[in-house]
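Numbered from 1 within each chain, the chains take letters A, B, ... in sequence-line order. FYI, side chains are in, hydrogens and waters are out, and symmetry mates aren't considered; it's all heavy atoms of this structure.
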Amino acid sequence: MMQPELRTPAVDVDSIAHEARLYSLWETAPGLKGFLSSVDHKTIGIRYIVTAFVFLALGGVEALVIRLQLAGPNLTLLTPSEYNQFFSTHGMTMIFLYAAPVLSGFSNYLWPLLLGSRDMAFPRLNALSYWIYLAAGLFLYAGFLTGNGPNDGWFNYVPYASRDFNPGLNQDFYALGMVFLGVSTTVGSANFVVTAFRTRAPGMSINRIPIMVWGTLTASVANLLVVPAVSLAFFMLWMDRQFGTHFFDPAGGGQPLLWQHLFWIFGHPWVYAIVLPAMGMVSDGLPVFCRRPVVGYSLVALATVATMILGFGVWVHHMFATGLPGLGLSFFSGASIVIVLPSAVAVFAWLATIWLGRPVITTAFLFFSSMILLFVIGGVSGFMTASVPVDWQLTDTYFVVAHLHYVLIGINVFPVVGALYFWFPKMTGRMLDEKLGRWNFWIMFIGFNLAFLPMHLTGLLGMPRRVYTYAANGGWGTLNLITSIGSFLFAAGVLLLLINVMKSLKSGAAAGRNPWDAPTLEWAVSSPPPPYNFAVIPTVASRHPLWEGRLGTEGDRSSLDRGMLLVEGKETIGTSGLDADPDMVLKMSKDSFAPISLAAGMSVLFTGLLLKLWALAIVGAVICTMALIAWFWPLHELREREAPHG
Amino acid sequence: MNAHLWPLTYLTSAGARAASVVPLTWYLLTVSIIVVLVIAMLLWAGVRRSRPHDLNVGMSAIPVERGDNGIRWISVGVMVSAVPLVVALVWTMLTLAAVAGPPAHPGLVLDVTGRQWWWEVRYNADSPPDIFETANEIHIPVGVPVLVRLHGGDVIHSFWVPQLTGKTDTIPGQVNLSWLEADKPGRYLGQCTEFCGFQHAHMQFEVVAEPRAQFDRWESQQRQSAPAPVTPQATRGLALVEYRCGLCHRVRGTDAGAISAPDLTHLMSRRTIAAGTLINNPGNLVGWIQNPQNIKPGSLMPNQVLSAAQLSDTLAYLESLK
């Protein structure tokens, strides 16, 4: 929590005594105490990334089981009930527990470093966001592991999700788990928005922030607007199931289509929320290896925002076959076709960056640049489904499965793995092995395309989605076998990544501050960075503080060695929203047990609601209340209480 | 893209509604493939321009430069991209206008209800005794636009006959309209395409397009009630069917009168059973009656414990339901 303090901070250069003072202020205590109470954004960021990769591995294993079941016609590895839980849990895991959180992880780790700040705007909220993510993930998986996993797809259409057709605990786990997880997304997004507008280094005006910040900022604003829709939908579903309300029950005057609207008003913007930050990673990472600034910074930033704004107006393209009137469909069809244009801006900006620079081939570059192709393949197949009459044929066939995997793996996983190769040295101080990296890249790239390129044809030949098996006369046997082989190859590539991470953690080459000679602020500090990030708050004069003087531009120079010291407590500087003029000292909260206590209390509360053990739910609510009281207890060090007079 | 090899493909068509969409599908597909190839070549050629570099040296040895601002790449790229997009948009709207609305003068109006996991098909008539229901097999006359009113029986399903028409969902609480028309006689496969539970995979149906005279013969045949059994064995079978199958199924003209499962009045006129899962022959019929849970796990039809004699009696009666 930050509170303003009006004083003029001392400005000087770094010194050993100064750093020692900063360490004593910012370092997390060792041992379990520090582990549970840390609010350091770097620790939280790495936790997010590691947890998200664990879920990626789980979702991957589920996918491999599914691919074994579908490798040939009429196989019986899974029963229909098991299959439905596997494909639903796979979708839930990848979309909610991997794709968004992994980007939150990178943004959490990187933002203060990119922005020249010492932490996120609300450090305790940041910790809360992680602990709830972890707790909600475990809650959702508790259902799957006890045979009560989601069984109606990640989209969870009613009435099949209602109690009449789905009497088990499956849907209660999913509905409550999603409401729970929504709290994490919401507080995390609020934190990103405030951080972006309040804690940038002096001089880092809004047109100097890295594109990745634009991506995450845009996604966070979108989340704040759309997550309430899905949380509400899941809450209403739970009410229908437990208390006999009729929100979605046509027999009681409810509307099954209401679910679909609420879900997709959330769902489609969410798709952009889980790709825009990753596109930002490419926009920032690719130019480093092309040895020039990204082409069309302003256009790419504007395209990011434009994509999101248009993205609010396309949700009905998930519902073209639901019998809505043609006039309405044509609006959403038009919007879904037009949204191609901002994406085209990004694609041509990246291509121009490669062509107008001269690339240095590294593993990170390979992941970033190959993403351009995968993005285009996922983009054109999406453009095909935007056409209503064509979509009436394409929808709910494997064509759409191919499309969405090009989007999610192509525009999320590939940039994320590239980002790992790019920023791993910053996070750990060690380089990932480049030779292993090439194998990693090529096996993932070939495996992915082998699995999913032929799948477009499987769809065009009519194979429906979400079937636990298929008859031989459909003519899809060979294509499915190829897809299954490709999926295992892809998984082997991901395994190589894990091997590389393990190996490099132990014996990777030392990274130094700036192994890629990259231009942004995170590379100005040591690897890994000290707990306080910047010994003195930098003053920024351009988009490329570390390339100044080498781009042939005149003008002011950024000041990285001399700046505000801010050592009268845990402090960073607050700056104005657009121009980043410093206007107050922000007091940052210390490590705290309140976030994890609140998350634990919420876990108890939601478990009580799930099992309808109301006493347990009340216990959970009491724990939450106590945690909140501790959280909001006025603290002098945060200037929340008057200093004693005298 | 032969519909015999791939009965659910939609890259070809066999009727007016699907046919207007096929050229647009091919246009979008062709544009998409060209775009991917162009971008792939640009990317490949761009990456091929890479500089030889020894990573051990360190990247700071490589100069950075501002270079051309490159805005022309974006402006030209976006402008070129916009052309096929505008064509797609206009073509989409024209096609939508052509295929969306139900036909003004349908030659036949059907009510189809999606149920877990089969299709109920109702043929309307002016006089109530002529109304009949069948399951999983829709007969239509060739060359006539057919209006299909879609009802949701339990959860959401989706009605799809790729050779004849795209998908329309069947949603409880509302009636959706679809229409289709077949150019030539044939059997066209249909499939549920909205996830609907355990047996979503086995929820197929067939549209049988026939010349008018043949369709009329089929229709008047279907309007008949079931004939009375003529052999003692079939008579015993009828008693079993009324007593056991009649809890869910109907055989018009008998005491089996429930409507929560497929109407069996003319069971033997249908090519498949269990919503396209099995060919309708005596062996499959026996297997299905005894153990549907093995063939369609989770199906709403329970396994029937019948003695061998009871089974052959039942079969004898069912085989008379032509």
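Contacts between Glu82(A) and chain B at a heavy-atom distance below 4.5 Å are absent for every atom of the residue. Within the 4.5 angstrom heavy-atom criterion, no atom of Val76(B) approaches chain A. Only the side chain of Trp547(A) comes within less than 4.5 Å of a heavy atom in chain B; its backbone stays farther off. Proximity to chain B (any heavy atom under 4.5 Å) is restricted, for Phe365(A), to the side chain, taken from C-beta onward. Both the backbone and the side chain of Thr469(A) come within contact range of chain B, with heavy atoms under 4.5 Å apart. Proximity to chain A is absent for every atom of Gln204(B), based on heavy atoms less than 4.5 angstrom apart. Contacts between Asn176(B) and chain A at a heavy-atom distance below 4.5 Å involve the side chain alone, from C-beta outward. For Ala61(B), no part sits under 4.5 Å from any heavy atom of chain A, backbone or side chain. Of the two parts of Leu299(A), only the side chain, counted from C-beta on, holds a non-hydrogen atom closer than 4.5 Å to a non-hydrogen atom of chain B. Residue Ile33(B): no heavy atom, backbone or side chain, is found under 4.5 Å from chain A. Residue Phe248(A) does not touch chain B at all, counting heavy-atom pairs closer than 4.5 Å. For Asp68(B), the parts sitting under 4.5 Å from any heavy atom of chain A are the backbone and the side chain alike. Only the side chain of Phe87(A) comes within less than 4.5 Å of a heavy atom of chain B; its backbone N, CA, C and O stay farther away. Contacts between Leu5(B) and chain A at a heavy-atom distance below 4.5 Å involve the backbone alone (N, CA, C, O). Contact annotation for Arg72(B): neither backbone nor side-chain heavy atoms come within less than 4.5 Å of a heavy atom of chain A.
Results of the side-chain hydrogen bond (donor to acceptor under 3.5 Å, both in side chains) test with Asn151(A) over Asn166(A), Asn156(A), Asn84(A) single out Asn166(A) as the only residue that passes. When each of Phe155(A), Tyr160(A), Trp154(A) is paired with Tyr157(A), the ring-ring contact (aromatic ring centres under 6.0 Å, His included) condition holds for Phe155(A) and for no other.
Ranked by non-hydrogen atom pairs under 4.5 Å with chain B, the options Thr76(A), Val467(A), Thr322(A) are led by Thr322(A). Of the residues considered (Phe348(A), Tyr470(A), Trp355(A), Trp392(A)), Trp355(A) shows the highest number of contacts with chain B, using heavy-atom pairs under 4.5 Å. Note: Thr92(B) leads Val22(B), Ile71(B), Leu24(B), Thr92(B) in heavy-atom pairs under 4.5 Å with chain A. The residue among Gly101(B), Ser158(B), Ser60(B) with the most heavy atom pairs within less than 4.5 Å of chain A is Ser60(B). The residue among Gly70(B), Ser81(B), Gly197(B) with the most heavy atom pairs within less than 4.5 Å of chain A is Gly197(B). In terms of heavy-atom pairs under 4.5 angstrom with chain A, the leader among Thr165(B), Leu42(B), Val99(B) is Leu42(B). In terms of heavy-atom pairs under 4.5 angstrom with chain B, the leader among Ile377(A), Thr395(A), Asp164(A), Val347(A) is Thr395(A). When each of Gln191(B), Gln116(B), Met93(B) is scored by its heavy-atom pairs under 4.5 Å with chain A, the top score falls to Met93(B). Comparing Val376(A), Val158(A), Val338(A), Leu366(A) by how many heavy-atom pairs each has under 4.5 Å with chain B, the most go to Val376(A). Among the candidates Met319(A), Met384(A), Met431(A), the residue making the largest number of heavy-atom pairs closer than 4.5 Å to chain B is Met384(A). When Gly326(A), Ala349(A), Ala161(A), Gly253(A) are compared by the number of non-hydrogen pairs under 4.5 Å with chain B, Ala349(A) comes out ahead. The most heavy-atom pairs under 4.5 Å with chain A, out of Val35(B), Ile156(B), Val175(B), come from Ile156(B).
Smallest separation of non-hydrogen atoms from Pro7(B) and Gln163(B): O-CG, 4.3 Å. Summarising the geometry of Ala275(B) relative to Trp117(B), their closest heavy-atom pair is CB-O, 3.4 Å, with the distance given to 0.1 Å. Counting all heavy atoms, side chain and backbone alike, Ala100(B) lies closest to Trp179(B) at O-NE1, 4.2 Å.
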### Task
Could you go through the side chain to side chain contact (heavy atoms under 4.5 Å, CB included) check for Leu8(B) and Trp476(A) one step at a time?
CA-CA 10 Å; Leu8(B) 286 174; Trp476(A) 314 301; 3.8 Å; yes

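Separation of the Trp516(A) and Phe289(A) ring centroids falls under the 6.0 Å cut-off.
Within a 6.0 Å radius of CD in Glu65(B), no more than 12 heavy atoms belonging to other residues, nucleotides or ligands are found.
Remark: side-chain polar atoms of Ser387(A) are not paired, donor with acceptor, to backbone N or O of Phe383(A) under 3.5 angstrom. Between the side chain of Ser333(A) and the backbone N or O of Ala386(A), at least one donor-acceptor pair lies under 3.5 Å. In terms of modelled atom types and a separation under 3.5 Å, the side chain of Ser88(A) and the main chain of Gly153(A) share a donor-acceptor contact. Judged by distance alone, with hydrogens and angles left aside, the side-chain atoms of Gln293(B) form a donor-acceptor pair with the main-chain N or O of Ser299(B) at under 3.5 Å. Judged by distance alone, the side chain of Lys296(B) and the main-chain N or O of Ala274(B) form a donor-acceptor pair under 3.5 Å. Arg271(B) places no side-chain N or O within 3.5 Å of a backbone atom of Gly276(B) that could act as its donor or acceptor partner.
Under 4.0 Å is where a charged nitrogen must lie from a carboxylate oxygen, and between Arg115(B) and Asp154(B) no such pair does.
In this structure, Met59(B) CE and Arg291(A) CZ are separated by 4.5 Å, a value rounded to the nearest 0.5 Å.
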